[in-house]
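By convention in this document, chain letters (A, B, ...) are assigned in the order of the sequence lines, proteins followed by strands, and residues within each chain are numbered from 1.
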Amino acid sequence: EPEVTQTPSHQVTQMGQEVILRCVPISNHLYFYWYRQILGQKVEFLVSFYNNEISEKSEIFDDQFSVERPDGSNFTLKIRSTKLEDSAMYFCASSEGHRGAQQQFFGPGTRLTVL
Amino acid sequence: KNEVEQSPQNLTAQEGEFITINCSYSVGISALHWLQQHPGGGIVSLFMLSSGKKKHGRLIATINIQEKHSSLHITASHPRDSAVYICAAVPIGGSNYKLTFGKGTLLTVNP
């Protein structure tokens with residue numbers, strides 16, 4: 001069964017460093033998302049991506065964040081200068097996106113720890 | 001702003017019991033997702049529904065769009081059902097179907 005994959009599963013970085021979180025969405029899906037979950041809190045929307053551009057972003061998704069689909073399979077989230085408060089679980093999701101809301105399929109997440 | 005509220009926050013049951021988790025939301029939605037999050041953190045999509053009822057195995061999800069309410073039921077609960085159950089809404093009008101999440105219900109099923 002097709003699934004969303006994410007790498008790495010755990011990333012530890014120093015404050016101020018850049019990190020890139022990688023996702024491979026399900027191959028025939030058109031909508032891609034990044035969500036994050038700070039420990040003990042609810043999952044929050046970061047950004048959605050369709051047709052090679054950002055379709056919506058939350059207020060959390062400021063200039064330190066960027067997303068890219070560098071090739072036909074990968075979808076990346078870059079955090080340019082990490083802060084302690086960026087420590088969280090980051091989930092990638094994808095959906096087919098045809099004609100209305102579709103079920104979103106989530107990756108296993110990347111746990112980011114900023115020291 | 002769409003708020004998604006879940007109840008209860010925590011639920012402990014004995015194996016075999018019938019479980020109900022509730023979700024309510026404050027604005028019009030086009031669909032609602034029920035998700036399961038295990039202790040390791042991974043999220044599994046259980047259902048997406050926009051009307052009526054869906055069933056998968058021992059899980060049943062219902063939604064009443066007019067009353068802005070959805071429920072997730074688990075019949076014959078089992079310890080392996082222990083997880084956090086999250087509802088997430090897709091507000092009407094968005095073009096990207098982003099999800100707004102509830103805080104989750106922590107379910108513990110004891111043998």
Exercise for review: Could you tell me which non-hydrogen atom of B:Lys103 sits nearest to which non-hydrogen atom of A:Lys42, and how far apart they are?
Suggested key: CA-CB, 3.9 Å
Exercise for review: Flag yes if more than 12 heavy atoms outside A:Leu84 fall under 6.0 Å of its CG atom; otherwise flag no.
Suggested key: yes
Exercise for review: Give, for atom CD1 of B:Ile43 and atom CE of A:Met89, the distance between the pair rounded to the nearest 0.5 Å.
Suggested key: 8.0 Å
Check your understanding: Between atom CD of A:Gln103 and atom CG of B:Leu49, what is the distance when rounded to the nearest 0.5 Å?
Key -> 10.0 Å
Practice item. Look up atom CZ in A:Phe91 and atom CD in B:Gln37, then write down how far apart they are to the nearest 0.5 Å. Key: 5.0 Å
Check your understanding: How many angstroms lie between atom CE of B:Met48 and atom CZ of A:Phe105, to the nearest 0.5 angstrom?
Key -> 9.5 Å
Check your understanding: Can you tell me if CD on B:Gln9 sees more than 12 non-hydrogen neighbours from other groups inside 6.0 Å?
Key -> no
Exercise for review: May I ask whether A:Val47 and A:Val4 are part of the same hydrophobic cluster, defined by side-chain heavy atoms of I, L, V, M, F, W, Y residues being less than 4.5 angstrom apart, directly or through others?
Suggested key: no
Review point. Side-chain heavy atoms under 4.5 angstrom apart, residues restricted to Ile, Leu, Val, Met, Phe, Trp, Tyr: same cluster for A:Met15 and A:Phe65?
Key: yes
Exercise for review: Check the surroundings of atom NE2 in A:His10: do more than 12 heavy atoms from other residues, nucleotides or ligands lie under 6.0 Å from it?
Suggested key: yes
Review point. With only heavy atoms counted, which part of A:Gln37 is less than 4.5 Å from chain B, the side chain, the backbone, both or neither?
Key: side chain
Exercise for review: State yes or no: do A:Tyr90 and A:Tyr31 share one hydrophobic cluster built from I, L, V, M, F, W and Y residues joined by side-chain heavy-atom distances below 4.5 Å, directly or via other members?
Suggested key: no
Practice item. Mark yes when over 12 heavy atoms from residues, nucleotides or ligands other than B:Glu67 sit less than 6.0 Å from its CD; otherwise mark no. Key: no
Review point. Contact part of B:Ser45 toward chain A, heavy-atom cut-off under 4.5 Å: side chain, backbone, both or neither?
Key: both
Check your understanding: Is it the side chain or the backbone of A:Tyr35 that comes within 4.5 Å of chain B heavy atoms, both, or neither?
Key -> side chain
Check your understanding: Between B:Leu46 and chain A, which part of the residue has a heavy atom less than 4.5 Å away: side chain, backbone, both or neither?
Key -> backbone
